[in-house]
Each structure stands twice: as structure tokens, then as C-alpha cells.
Asker: 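One structure follows; several queries about it will come next.
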Amino acid sequence: MYALVDCNSFYANCEKLFRPDLRGKAVVVLSNNDGCVVARSPEAKQLGIKMGVPYFQVKEFCEKNDVTVFSSNYTLYADMSHRVMSTLEKLCPTVEVYSIDEAFLYLADYPTAMTDLNAYGTKLKAIVEQYTGIPVCVGMGSTKTMAKLANYAAKKHPATKGVCVLDNLRWIRRIMQITDVGEVWGVGRRYKVRLNQMGIHTVYQLAICEPAKIRQHFGVVLERTCLELNGQSCLGIEAVEAKKQIISSRSFSTRISCPDELSQAVCSHAAKAASKLRKQDSVCHYLSVFAKNSSFSQTESYTSISGQCQFITPTADTRVMVAAARQILTQIFKKDVRYAKAGVMLFDICQHHEVQPDLFADDSSDNQTNQQSTSKSAEVIAVMDQLNKRYGQNSNQQSAVFIASEGIKDKQSWQMSRDMLSPCYTTNINQLPKVD
DNA sequence: TCTGGGGTCCTAGGACCC
DNA sequence: TCTGGGGTCCTAGGACCC
């Protein structure tokens, strides 16, 4: 038996938590750069504001209807997420944190939960809400896909009071019959269209399909979904593993054509990617740089540039990676393009201790010197990481110690806009909420 | 004027191996 | 004229997730 605990309108509720004056009012949270709506309180959904809609299209509507709008404050959301997850870990021995706002719990080995699933679900919900202030819904089923479905039902149908246990066949069938096939975990927009064309509209219709037929038309992934809907578990609890690919990228608030400005942006992304890499104790073999103009423009043709390089000795050294990124950019740069976004990707990532030294590396200087310089470089980076950990970032997201070619962020007019950013209530001593 | 930023897995086809 | 059988690795593209 699996449970899925999913926070309700997570970002919106993180914001509301510290703003009691917004209780009962419509709140939306925007994506980076204040681009799109990515979270809505129930009141905002009620008003008909759609998920993912570009903010400029609803800005006026929000002003007229007293909707409070926030820029994304990931520092706040990450901290609140951590509180929710650690609460769950106290309540169940096996927890898989699936995303910033949801987690799977594996209940089969946990007799306390199994004796009365409904009571356990209700308890989970109440305790998370009491400890963190974040409302959640709980869904339970014999497989992960069923737990997802149950969670959807718990959110959708008020009669469940936020807890839905799919443990008897009549109830399972009923929920499946009234739920659109597009709500199934693993059925996206494209598959929904194709399933509809085959006459499959409800979850129930998918569940009673011949799995082999589904495999033939859609592949093994959807076949598993189909099996999972029949109670045959194909997906288990997964351990957190190191990323196989790391990306750092961002849209600019204004367009950039100047090579120096673009270079600063790319260098910052290289530094950030390198830092992510080190956090998981990895090194990478390949680094690629990309930049592009807006794909929405009517007047400019879509232009994207990219290039990559290989590190003979895989690395996670910020200085090496920033230098490489700069070098690549000078080779691929095209002028007269109004760049809207740039970034850096890292591939072929392996653990630090798995590295194979290069047989043909230049070791004309004696080996010992070489090893010393390698460990020196590791020391420099370690000191940099320690300083940055201790002193954090300033309000412009600039680290305490950084590579000069990243530029000074205060002076970069293209940095992302976050015009409606809330304070970091829980992570910055100067921004704690005040009670008058 | 203004449209996010991450990730994963699977498949088919081609190149190549013995 | 006839042209095996079994396998790996890589890449691009397509789908999905939050």
C-alpha cells in the first residue's frame, strides 16, 4: 500500500501562511521573471485564472479582482517543503520525496498504518497541517499510480475531507468511472488525445484495456500505468540518486545583444552548475552552452546557438568550467541577435571517486607536483564553497565569493525581474515576520 | 513590450563488433 | 544466384513529470 501526500496549492499557501490578511483571498504565484502563473489559491482558480497563463495577459484582471500576486520565492518554498517532508519522515519509516510539494509513503511494512488506513491518513493530514501550517491531501492505493489517483480524488471531491483510500473494488471502480483519463499519472496531453481517439475517455476505460494492446500503441511506459491501475505494482520507492544531467538557465528580463553581457550570464550559469555538481560529489565530462532569442517573436526568426566541450579530466572546478563556458561562447556567438535566454548544461556526470585519470595527461613536471596542484585547486574551491555557505547570497543572489567574469549582479539590468517578491520569512534573520 | 526551469525514461535506427 | 545470428553502443526525438 502506498500513500501520496501532496500539498494544496503549495506556493500560494507558503505565501499565505505569513500573510493572515490574505485569508480567504485570491493569491497567485508567478514563475521566474514574473512570466507565467504557476500556482493559484482556490479563490484564484474560482476566478478562472488558468495554470501557466502568461502574466501580462491577466495582469489587469488581477488588479481589478483584488488578486494578490507574488514573484517566486524558492528560498521560502524550499524551506517550507523541508519542514513538511521531515514531518512526514517522523510519521512513516519509508518516505520518497517526489517533488517539492509531494511525497510517497510505503505503508506495507508499517503495521500501525495498515490497521486503519483512513485513520492514519487523517492523522497524517492533521499533523502536517498542525506542524507546518501547510494543508495537504492524502491518497492511498495499492500502487503509486493508484495513490496518485486517490490523491486527485481527495483534492477534487470535498466529501473525502482530503483523505481518499482506494481499497475496495466498488469504490475504485466508481472513482475511475468519474475521472478523466487525462488525470492519470503518466498520461499527458498527447496521450490523452490519442486515447480519446481510441474511444478511451475515463480512467476506468484505460484500466480495463488489454495491457499488451496499450504497449503496442504507446510503449512500455503506459503499459505499466495500465498494470498499476489494476493493482499490479511496477514502480517502487526510489532512493535519491545523483543527477545525470545538470542545467542552469534563465530568461533575461530584457533582451541582450552585447557579447560581454551574454558572457557574464553564461559564466554565472557555469558557476552555478559547477556548484550543483559539487553538492552531489560529482564531476562531469561535458559542458554545453546555449543561448536563444524569443521563440514567441513574430518579427524575428528563431535563432539558437550552442556548443560544447569535453574535459579530458572530468571536473567540478568552477574556474575551469567558467573558463570553458566563456571560450565556447566566443566561438558560437552571433551578433545582431536579441538573446532572451541563456544557460549551461552538464553531461556525462560521474561520482568524484570514479574518475579515471588521463593516461596521456601532460605530466612533464614530476607527478608529485601535479598532484599537489590538483589538491591545491580542490582546496581553493572548498574554501570558496565554505565561504559561500557561511555568508550566503545577497538580495541579488550574488554569492559572497564569485568569479569576476560573472560580473556584478547589481549592475546587470537583464537580471530576472521579481517585482513582487515576499520576504524570506524562515531563512533570513533580518526578514522574520514581525508582530506589532 | 511582456510567454519558467528543471528533470527522467524509452524507442528506433544506424554503426559497429565477432 | 545465394548474403547469418547475436550482440552493444550511441544519438535524436518524443513522451512524460513537477
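Every chain is numbered from 1 and lettered A, B, ... according to where its sequence line falls, protein lines coming before strand lines.
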Asker: So what does A:Lys276 hit on the nucleic acid, given a heavy-atom distance under 4.0 Å: a base, only sugar-phosphate, or nothing?
Answerer: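 Sugar-phosphate contact only - A:Lys276 comes under 4.0 Å of backbone atoms but never of a base.
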Asker: Any base atoms under 4.0 Å from A:Phe218, or only sugar-phosphate, or nothing? Heavy atoms, all strands.
Answerer: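 Since no nucleic acid heavy atom lies under 4.0 Å of A:Phe218, the category is nothing.
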Asker: Considering only NZ, NE, NH1 and NH2 on the basic side and carboxylate oxygens on the acidic side, decide whether A:Lys389 and A:Asp385 come within less than 4.0 Å.
Answerer: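 No salt bridge links A:Lys389 with A:Asp385.
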Asker: For A:Ser72, report the nucleic acid contact type (base, sugar-phosphate, nothing); a contact means any heavy atom under 4.0 Å.
Answerer: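 Nothing: the residue A:Ser72, judged by heavy atoms under 4.0 Å, touches no strand.
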Asker: Report which part of the nucleic acid A:Asn33 touches: base, sugar-phosphate, or nothing (heavy-atom distance under 4.0 Å, all strands).
Answerer: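 Nothing, no heavy atom under 4.0 Å.
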Asker: If the plane angle is over 60° it's perpendicular, under 30° parallel, otherwise tilted; pick one for A:Trp185 and A:Phe104.
Answerer: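 Answer is tilted, since the angle falls between 30° and 60°.
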Asker: Under 4.0 Å between a side-chain nitrogen and a carboxylate oxygen: does that hold for A:Glu228 and A:Arg224?
Answerer: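 So A:Glu228 does not pair with A:Arg224 through a salt bridge.
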Asker: Would you say the side chain of A:Met198 lies within less than 4.5 Å of the side chain of A:Arg194, judging by non-hydrogen atoms?
Answerer: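 No, their side chains stay 4.5 Å or more apart.
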Asker: First contact, last contact: which nucleotides of DNA chain B are these for chain A, 5' to 3', heavy-atom distance under 4.0 Å?
Answerer: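 Here the contact window of chain A covers B:dC2 to B:dT11.
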Asker: Across the strands shown, which category fits A:Asp101 at heavy-atom distances under 4.0 angstrom: base, sugar-phosphate, nothing?
Answerer: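 It contacts sugar-phosphate atoms only.
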Asker: Tell me which of A:Gly35 and A:Arg215 sits closer to the 5' end of DNA chain B, going by the nucleotide each one is nearest to.
Answerer: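 The residue mapped nearer the 5' terminus is A:Gly35.
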Asker: With a 4.0 Å cut-off on heavy atoms, is A:Val37 in touch with a base, just the backbone sugar-phosphate, or nothing at all?
Answerer: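 The answer is nothing, as A:Val37 stays clear of every strand by at least 4.0 Å.
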Asker: Using a strict 4.0 Å threshold on nitrogen-to-oxygen distance, state whether A:Glu60 and A:Lys64 make a salt bridge.
Answerer: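 Counted as a salt bridge, because a side-chain N and a carboxylate O are separated by less than 4.0 Å.
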Asker: Using ring pair (Phe, Tyr, Trp, His ring centres under 6.0 Å) as the criterion, list what pairs up with A:Trp414, not counting sequence neighbours.
Answerer: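 In terms of ring pair (Phe, Tyr, Trp, His ring centres under 6.0 Å), with neighbours along the sequence ignored, A:Trp414 is linked to A:Phe252.
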Asker: Side-chain contact test, heavy atoms from C-beta onward, threshold under 4.5 Å: evaluate it for A:Tyr2 versus A:Leu107 and give yes or no.
Answerer: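 When only atoms from C-beta onward are counted, A:Leu107 and A:Tyr2 do not touch, as no gap falls below 4.5 Å.
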Asker: I'd like to know if A:Glu261 and A:Arg255 make a salt bridge, using a cut-off of under 4.0 Å between side-chain N and carboxylate O.
Answerer: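 Salt bridge absent between A:Glu261 and A:Arg255.
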Asker: Would you mind classifying the nucleic acid contact of A:Lys59 as base, sugar-phosphate or nothing, using non-hydrogen atoms under 4.0 angstrom?
Answerer: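 It contacts nothing in the nucleic acid.
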Asker: Starting at the 5' end of DNA chain B, which residue's closest nucleotide do you reach first, A:Ile246 or A:Arg255?
Answerer: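 Closer to the 5' end of DNA chain B: A:Arg255.
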Asker: Would you classify A:Gln57 as touching base, sugar-phosphate or nothing, given that sugar-phosphate means primed atoms plus P, OP1 and OP2, and contacts are heavy atoms under 4.0 Å?
Answerer: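 Counting heavy atoms under 4.0 Å across all strands, no contact is made by A:Gln57.
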Asker: Charged N to carboxylate O below 4.0 Å: is that the case for A:Asp180 and A:Lys192?
Answerer: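 Result for this pair is yes, salt bridge flagged.
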Asker: At under 4.0 Å between heavy atoms, what does A:Tyr55 touch on the DNA or RNA strands: base, sugar-phosphate, or nothing?
Answerer: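 Nothing, no heavy atom under 4.0 Å.
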Asker: So A:Val187, base contact, sugar-phosphate only, or nothing? Heavy-atom distance under 4.0 Å.
Answerer: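 If one applies the 4.0 Å heavy-atom cut-off, A:Val187 turns out to touch the sugar-phosphate alone, with no base involved.
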Asker: Can you list the stems that include DNA chain C, where a stem is three or more consecutive Watson-Crick or G-U pairs with distances under 3.5 Å?
Answerer: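 DNA chain C forms these stems: B:5-18 with C:5-18.
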